[in-house]
Each structure stands twice: as structure tokens, then as C-alpha cells.
Amino acid sequence: IATALDALAPDGHSPVWVVSGDSHAPGFSFSAAQARAVAQSQDLGLLWMVPNPPFHTRGDFLLDDAGRLHRLPASDAPQPPLAQPMTYANFALMRPALVEGLNAGNRAALGPFLHRAADAGSLAGQRWQGPWENVGTPAQWQALQA
């Protein structure tokens, strides 16, 4: 992400689309209007979320009714009211500031950057209502093909 940011967001501020190559979501629209809405917000990012699949039952974040993402609490901690655990669908609009501190050419997990934004109240979430499949393993790819 950091390697491509200068080309994708030359102003250093505009949100960019970030999509994992192993997500299958037919019908997803890369909406210019949605990108403008994120650009006009104070959020560092907007992540599309899906119901937790069988291979990831805990989820990645809590999505509340106001469209805000929260870090999952420890298993014994109370959950924020009106928030549902969901899985990051691996498509998002992100501002360059979301990955601040990540240098071009360095590999790093995206999770800690997303958690930092969620902890700061700067991460929005939206449910993806269409079909979605993770195809990160050969078995998942074969199941999708079937």
C-alpha cells in the first residue's frame, strides 16, 4: 500500500481503493460517490464488512448501528451495545494517513493500522449485502469454482 500511495493519492490525502486479490464479491461497485463521501468525512477509512464465515467465526471488528467500527474486545470483556462482530471483506477506501509510519517497500500487516484507526474512532464500516467469498486457499478456490 505504502509503495503505491504516491501514485494513487498524489495529494497525500485523498482516499484510495484497497482490495485484496483473494476476495470474490460479484456486483461490488467501486462508487465514485462513495469515494467522495469518504473524502469529505473525517474518517481514515471505510471498510466493507460481511457476516462471519465458518473459518473466521470471531470476526475482525464490531460494527455498530451508526456505521462505526470498534476493535473486538477480549473474549471476557463486555461488548459495546448495538454492535455486531463482523469480518472485514477485504475491500475498503483508505486515506494515506491510515498507514502513517509504513514506509514504501516494507511489508507489514494491515491489522494494527486498522485497529489504531478504530481505537481513535476514525474507522467507518458498511455491510456488504451481496455475495462474498474468501478465496485465500486452494480449497476455497475449488469450492468457489464448484
Side-chain angles (χ1 to χ4, degrees), residues 1-5 7-100 102 107-146:
I1 294 171
T3 301
L5 278 178
L8 297 174
D11 66 0
H13 182 70
S14 296
V16 298
W17 287 100
V18 176
V19 180
S20 295
D22 62 354
S23 295
H24 177 72
F28 182 78
S29 173
F30 296 92
S31 162
Q34 190 75 59
R36 282 191 300 276
V38 170
Q40 294 171 358
S41 77
Q42 298 299 312
D43 290 325
L44 292 177
L46 168 63
L47 279 58
W48 276 262
M49 308 300 291
V50 294
N52 296 333
F55 62 86
H56 192 57
T57 57
R58 180 161 158 70
D60 295 311
F61 291 94
L62 296 173
L63 177 62
D64 70 23
D65 287 350
R68 309 308 303 166
L69 290 175
H70 307 270
R71 189 191 297 231
L72 287 171
S75 59
D76 59 344
Q79 181 173 307
L82 303 175
Q84 179 179 9
M86 299 195 79
T87 295
Y88 172 41
N90 287 316
F91 37 100
L93 279 160
M94 297 180 187
R95 292 183 187 277
L98 190 137
V99 292
E100 186 174 350
L102 178 60
R107 293 178 55 94
L110 185 58
F113 294 95
L114 297 175
H115 292 152
R116 182 176 66 194
D119 290 347
S122 299
L123 198 57
Q126 182 173 322
R127 291 175 189 264
W128 167 243
Q129 301 291 347
W132 175 85
E133 293 291 334
N134 182 65
V135 288
T137 68
Q140 289 168 327
W141 173 252
Q142 289 171 350
L144 179 64
Q145 296 304 305

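Note that the coordinates shown come from a computational prediction; the quantities given were computed from them, not determined experimentally. Just the heavy atoms: all of them, side chains too, but no hydrogens, waters or symmetry mates, feed the values below. Index from 1, following the sequence.
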Flag, side chain of [X] to backbone of [Y], donor-acceptor distance under 3.5 Å:
X	Y	result
Asp60	Thr87	no
Arg95	Gln42	no
Trp128	Ala89	no
Asn90	Ser23	no

Tell me, do [X] and [Y] make a side-chain contact under 4.5 Å, heavy atoms counted?
X	Y	result
Pro51	Met86	yes
Met49	Tyr88	yes
Pro73	Leu62	yes

Atom pair [atom1] ([X]) and [atom2] ([Y]), whose distance is rounded to the nearest 0.5 Å:
X	Y	atom1	atom2	value
Met94	Leu8	CE	CG	12.5 Å
Asp64	His70	CG	NE2	3.5 Å
Leu98	Leu110	CG	CG	6.5 Å

Which donor-acceptor pairs under 3.5 Å do side chains of residues 136-146 form with protein atoms, sequence neighbours excluded?
{"residue": "Thr137", "atom": "OG1", "partner": "Gln140", "partner atom": "N", "Å": "3.0"}
{"residue": "Thr137", "atom": "OG1", "partner": "Gln140", "partner atom": "OE1", "Å": "3.3"}
{"residue": "Gln140", "atom": "OE1", "partner": "Asn134", "partner atom": "ND2", "Å": "3.0"}
{"residue": "Gln140", "atom": "OE1", "partner": "Gly136", "partner atom": "N", "Å": "2.9"}
{"residue": "Gln140", "atom": "OE1", "partner": "Thr137", "partner atom": "N", "Å": "3.0"}

Who pairs with [X] by salt bridge (Lys or Arg N to Asp or Glu O under 4.0 Å), at least two apart in sequence or on another chain?
X	value
Arg116	none
Asp43	Arg68
Asp119	Arg71

Task: Within residues 49-69 or reaching into it, pairs that qualify as ring pair (Phe, Tyr, Trp, His ring centres under 6.0 Å) - sequence neighbours excluded - done: Phe61-His115
- [ ] Quick one: closest heavy-atom pair of Ser14 and Ala9, and the distance?
- [x] O-CB, 3.5 Å
Task: Considering all heavy atoms, the nearest Ala35-Pro15 contact - done: O-CG, 3.7 Å
- [ ] Apply side chain to side chain contact (heavy atoms under 4.5 Å, CB included) to the pair Phe91 and Val18, showing each step before the final yes or no.
- [x] CA-CA 6 Å; Phe91 37 100; Val18 176; over 6 Å; no
Open item on the list: Using the rule given for side chain to side chain contact (heavy atoms under 4.5 Å, CB included), can you reason through Phe28 versus Trp48, listing the C-alpha separation, both sets of side-chain angles and the distance that settles it, and then say yes or no?
Closed with: CA-CA 10 Å; Phe28 182 78; Trp48 276 262; 3.8 Å; yes
Task: Selection residues 28-38 - residue pairs positive for side-chain hydrogen bond (donor to acceptor under 3.5 Å, both in side chains), sequence neighbours left out - done: none
TODO: Have a look at Phe113 and tell me which of Leu44, Ile1, Leu123, Leu102 forms a side-chain contact (heavy atoms from CB on, under 4.5 Å) with it.
DONE: Leu102
